[in-house]
Amino acid sequence: MTPVVSGGVRDSINEALLDAVRRLGVDGDIPDLELGRAKVAEHGDYATSAGLKLARVLHQDPKAITARLAETIHVAEGAAIAEASGGYVNFRLTDAWLRGLIGRVQPGYGAQDIGRGVRLQVEFGSVNPTGPLHIGHGRGVTLGDSICRLLEFTGHSVQREYYVNSDNTQTRRFGASVYARLHGLEPPEGGYTGEYVIELAEMARRDLAGIENLAEEEAEPKLRMYAINKMVERIRATVARVNVRYDEWYYENRLWESGLPQEAIQRLRESGHLKERDGALWFGDPSDDEEDRVVIRANGQPTYFASDLGYLLSRFEQRGYNRVIEVWAADHHGYVPRMKSAAAALGFDPSKLVIILHQMVNLKEGKMSKRAGRFVTLDELIDRVGSDAVRYFYLLRSPDTTIEFDLELAVTQGNENPVYYAQYAHARLANVEATASQRHPHLAEKADVSLLVHPWELDVARQLAFWPDVVEDSTALLEPHRIPYYVHDLATEVHRFYHAGNAQSEHRVVVDDPALTRARLELCRAARHTLKTALDLMGVSAPERM
RNA sequence: GCCCCGCUAGCUCAGUGGAUAGAGCAUCUGUCUUCUAAACAGAGGGUCUGAGGUUCGAAUCCUCAGCGGGGCACCA
């Protein structure tokens, strides 16, 4: 069982701050007091501009307010002391509390109960299964997976889903391309020309007896489903290589078989959101100024949008998720308002449909085109730089930033890759712990952490104190990229701590004094657990030796 | 034309409206007979694209402009 820690020291400080503010006589609305990390060491660890904020409300001198706040504030457990500085109140974590924290850090430290068992679905990476994943898709699957890991870590009940398109225009073209290859022909206009389509046709010839004798009308759906299943298998294997897991591969045709799109269309028709025009059926919400969208084409075929209407029913109603998070590449951003207004029209709260957009991944060499079959696949990328580096590299960037993927650089990445820096810190700690157990086989069970007095020791503990904040912020904003930056900061403190022993041997972890060794070991253990936990959230391995 | 994202050190990027804007890489200078040097210590490097505005306070919010990328289907 992972111990659940509810919030970090920042939450305690914030509570103490709010309490003190109320005692100043501020009731009702308290403005955002902006408690954040102090940027300069002399300002302590956390700082708030509460004095400046409250000056307006109280019509008093900010300095006076700040001084009174600093006097009044008592942070629980004596975790931090407050001091006034100009219009700011600064908080400094106390050495005693930092020492106490070390012993409380267990595997899974930083886990929280923000979700309180809320059932939600994260749908991510749902690329048309008409080809292998390329490096752009890699971003979506690793981002989605880490968001899931974060949500699970913070007490949400998460279902991870890949939506498999099977009945849309693209997959039909895919089926038609396989059919063409089966008969030694070039794929039709707008079809898929990659080598793998030829392979699929050959495999289908073996596996589907007599398929080449059927007319296209009959053969294409069979070939399509066959090829899609093969591609899904391959996609599944690829994402597994980067530690991405799905609970469900939800096929589009399943929607139609269970009548959900039909049901959605029926309801929207009744509520007046659908209208006929030019022989087609259109969706439009009279209350917004979005353009109308086709649901059923003039030729009678439904669009992907019809499926998506049913998919909304499937998730919000049939399967009853409280919240659905979708991770899309930014080229789909134009579809966001449509989906939101469709959700609203079907009677769901559109704010429960959270859509995360990530920017594209470009190759410096030139654009990718899936249909032309010219792309660098995710598999190739993993082959070249390794799973850990792939995940770290993707997650390092905010979703809003376009990644310019310099393949040459990625391939030659070795020591300059930040993933090694973090992993090395973990491996070092593991090694030190192994050395200690050899030199001191019978160490005391309990550590006397009061022996930890050096700044480089307490700075490791200080960094550990910040971890729950990072978890909280990453979860609230659904921004896993904050994690690698934290991991880097923690690794820095670990390396410094370790290096103190290189400079002077009495500062090593493993020394003659068993009590001192035991105390430092406790710090190593806490830091190692935290590094491991953070790397896990990224899907990056934490090696014991390198 | 309309919509979305970006513009921060030579390069790649962080930076919930707060104090003196950070990191990695690259460059330069030091540190291994040692618990792992894939490390550590230090130096240089900035008109936060530009102009207005809001605010006690703006890289951050608003408006306009520029540049780059993406999108505006009876494709997804």
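The structure displayed is predicted, hence computed values, not measured ones. Chain letters run A, B, ... following the sequence lines, proteins first and then strands; every chain starts at 1.
- Remark: A:Asn502 is in phosphate contact with B:rA37, judged by side-chain N or O atoms under 4.0 Å from OP1 or OP2.
- For the strand RNA chain B, secondary-structure stems (runs of at least three Watson-Crick or G-U pairs, all distances below 3.5 Å) span B:1-7 with B:66-72, B:10-13 with B:22-25, B:27-31 with B:39-43, B:49-53 with B:61-65.
- With P as the reference atom, B:rC3 and B:rU54 are 25 Å apart, rounded to whole Å.
- Between A:Arg545 atom CZ and B:rC35 atom P the separation is 14 Å, expressed in whole Å.
- One C1' atom belongs to B:rU47, the other to B:rC7, and the distance between them is 14 Å to the nearest Å.
- Aromatic rings from A:Tyr46 and A:Tyr88 are positioned such that their centres are separated by 6.0 Å or more.
- A:Leu54 places its CG atom 20 Å from the P atom of B:rU55, with the value rounded to the nearest Å.
- B:rG66 and B:rU29: their C1' atoms are spaced 41 Å apart (whole Å).
- B:rC32 and B:rU8 have their P atoms separated by 39 Å, given to the nearest Å.
- Among residues two or more places apart in sequence or in another chain, the salt bridge (Lys or Arg N to Asp or Glu O under 4.0 Å) test is passed with A:Arg269 by A:Glu276.
- When side chains are defined from C-beta on, A:Gln438 does not count as touching A:Val510, because their heavy atoms never get closer than 4.5 Å.
- Here A:Ala427 lies in heavy-atom contact (under 4.0 Å) with a base.
- A close approach under 4.0 Å does occur between a side-chain nitrogen or oxygen of A:Tyr498 and OP1 or OP2 of B:rA37.
- Residue-to-nucleotide proximity on RNA chain B shows that, of A:Met360 and A:His481, the 5′-proximal contact is made by A:His481.
- The gap from the C1' atom of B:rA41 to that of B:rC4 amounts to 45 Å, rounded to the nearest Å.
- Using a 4.0 Å heavy-atom cutoff across all strands shown, A:Leu35 reaches at least one base atom of the nucleic acid.
- B:rG71 sits 41 Å from B:rU27 when the C1' atoms are compared, rounded to a whole Å.
- Between B:rU60 and B:rA19, the distance separating the two P atoms is 13 Å to the nearest Å.
- For the pair A:Glu433 and A:Arg525, the salt-bridge criterion is not met [side-chain N within less than 4.0 Å of a carboxylate O].
- A side chain to side chain contact (heavy atoms under 4.5 Å, CB included) with A:Phe393 is found for exactly one of A:Leu381, A:Ile403, A:Val385, namely A:Ile403.
- Here A:Tyr424 reaches the OP1 or OP2 of B:rA38: one of its side-chain N or O atoms lies under 4.0 Å away.
- Residues A:Thr130 and A:Gln170 bring no donor and acceptor atom of their side chains to less than 3.5 Å of each other.
- Between the side chain of A:Ser146 and the backbone N or O of A:Leu143, no donor-acceptor pair lies under 3.5 Å.
- No donor-acceptor contact under 3.5 angstrom links the side chains of A:Thr517 and A:Arg508, judged on distance only.
- For residues 326-341 of chain A, the salt bridge (Lys or Arg N to Asp or Glu O under 4.0 Å) pairs, not counting sequence neighbours, are A:Arg315-A:Glu326.
- A donor-acceptor pair is defined here as one N or O able to donate and one able to accept, closer than 3.5 Å; no such pair exists between the side chain of A:Tyr498 and the backbone of A:Glu493.
- Applying the salt bridge (Lys or Arg N to Asp or Glu O under 4.0 Å) test to every pair with at least one member in residues 472-492 of chain A, sequence neighbours left out, gives these pairs: A:Arg10-A:Glu472, A:Arg10-A:Asp473, A:Glu479-A:Arg482.
- Nucleotide B:rA73 holds its C1' atom 10 Å from the CZ atom of A:Arg173, rounded to whole Å.
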Study note, to complete from the structure: Once base and sugar-phosphate atoms are separated, protein heavy atoms under 4.0 Å mark nucleotides 17-23 of chain B, 5' to 3', with B, S and - as SBBB--S
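- Listed by chain and residue number, A:Phe305 satisfy the ring pair (Phe, Tyr, Trp, His ring centres under 6.0 Å) test with A:Phe283 (two or more places apart in sequence, or in another chain).
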Can you check nucleotides 40-44 of chain B for protein contacts, nitrogen or oxygen pairs under 3.5 Å, and list what you find?
{"residue": "B:rC40", "atom": "OP1", "partner": "A:Tyr421", "partner atom": "OH", "Å": "2.5"}
{"residue": "B:rC40", "atom": "O2'", "partner": "A:His499", "partner atom": "ND1", "Å": "3.2"}
{"residue": "B:rA41", "atom": "OP1", "partner": "A:Arg496", "partner atom": "NE", "Å": "2.4"}
{"residue": "B:rA41", "atom": "OP1", "partner": "A:Arg496", "partner atom": "NH2", "Å": "3.4"}

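- Under the rule for a ring pair (Phe, Tyr, Trp, His ring centres under 6.0 Å), the partners of A:Tyr311 that lie at least two apart in sequence or sit in another chain are A:Tyr163, A:Tyr250.
- What separates CZ of A:Arg397 from C1' of B:rA14 is a distance of 11 Å, to the nearest Å.
- Across all strands shown, A:Glu544 has heavy atoms under 4.0 Å from base atoms, whether or not it also approaches the sugar-phosphate.
- Rounded to an integer number of Å, the gap from A:Glu291 CD to B:rC72 C1' is 8 Å.
- Side chains of A:Asn253 and A:Ser166: a donor on one and an acceptor on the other come within 3.5 Å.
- With rounding to whole Å, A:Leu490 atom CG is found 17 Å from B:rG24 atom C1'.
- For the side chain to side chain contact (heavy atoms under 4.5 Å, CB included) test, residues two or more places apart in sequence or in another chain that qualify with A:Gln504 are A:Glu506, A:His507.
- Comparing the C1' positions of B:rU31 and B:rC67 gives a spacing of 45 Å, expressed to the nearest Å.
- Partners of A:Asp512 under the salt bridge (Lys or Arg N to Asp or Glu O under 4.0 Å) rule, at least two apart in sequence or in another chain, are A:Arg439.
- Annotated as syn: B:rC32, whose glycosidic dihedral is within 90° of 0.
- The nearest heavy atom of RNA chain B to A:His332 and to A:Val432 marks one nucleotide each, and the one closer to the 5' end goes with A:Val432.
- Tested against A:Asp45 for a salt bridge (Lys or Arg N to Asp or Glu O under 4.0 Å), the candidates A:Arg462, A:Lys39, A:Arg37 yield a single pass: A:Arg462.
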Nucleotide N/O of nucleotides 3-5 of chain B paired with protein N/O under 3.5 Å:
{"residue": "B:rC3", "atom": "O2", "partner": "A:His333", "partner atom": "NE2", "Å": "3.1"}
{"residue": "B:rC4", "atom": "O4'", "partner": "A:His333", "partner atom": "NE2", "Å": "3.3"}
{"residue": "B:rC5", "atom": "O4'", "partner": "A:Gln359", "partner atom": "NE2", "Å": "3.3"}
{"residue": "B:rC5", "atom": "O2'", "partner": "A:Asp400", "partner atom": "O", "Å": "2.4"}

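- A salt bridge links A:Glu457 with A:Arg520: the closest approach of a Lys/Arg side-chain nitrogen to an acidic carboxylate oxygen falls below 4.0 angstrom.
- Taking atom CG on A:Leu33 and atom C1' on B:rU16, their separation rounds to 13 Å, with Å as the unit.
- Nucleotide B:rC74 holds its C1' atom 13 Å from the CZ atom of A:Arg172, rounded to whole Å.
- Near RNA chain B, meaning a heavy atom under 4.0 Å away, the residues from residues 503-531 of chain A are A:Arg508, A:Val509, A:Val510.
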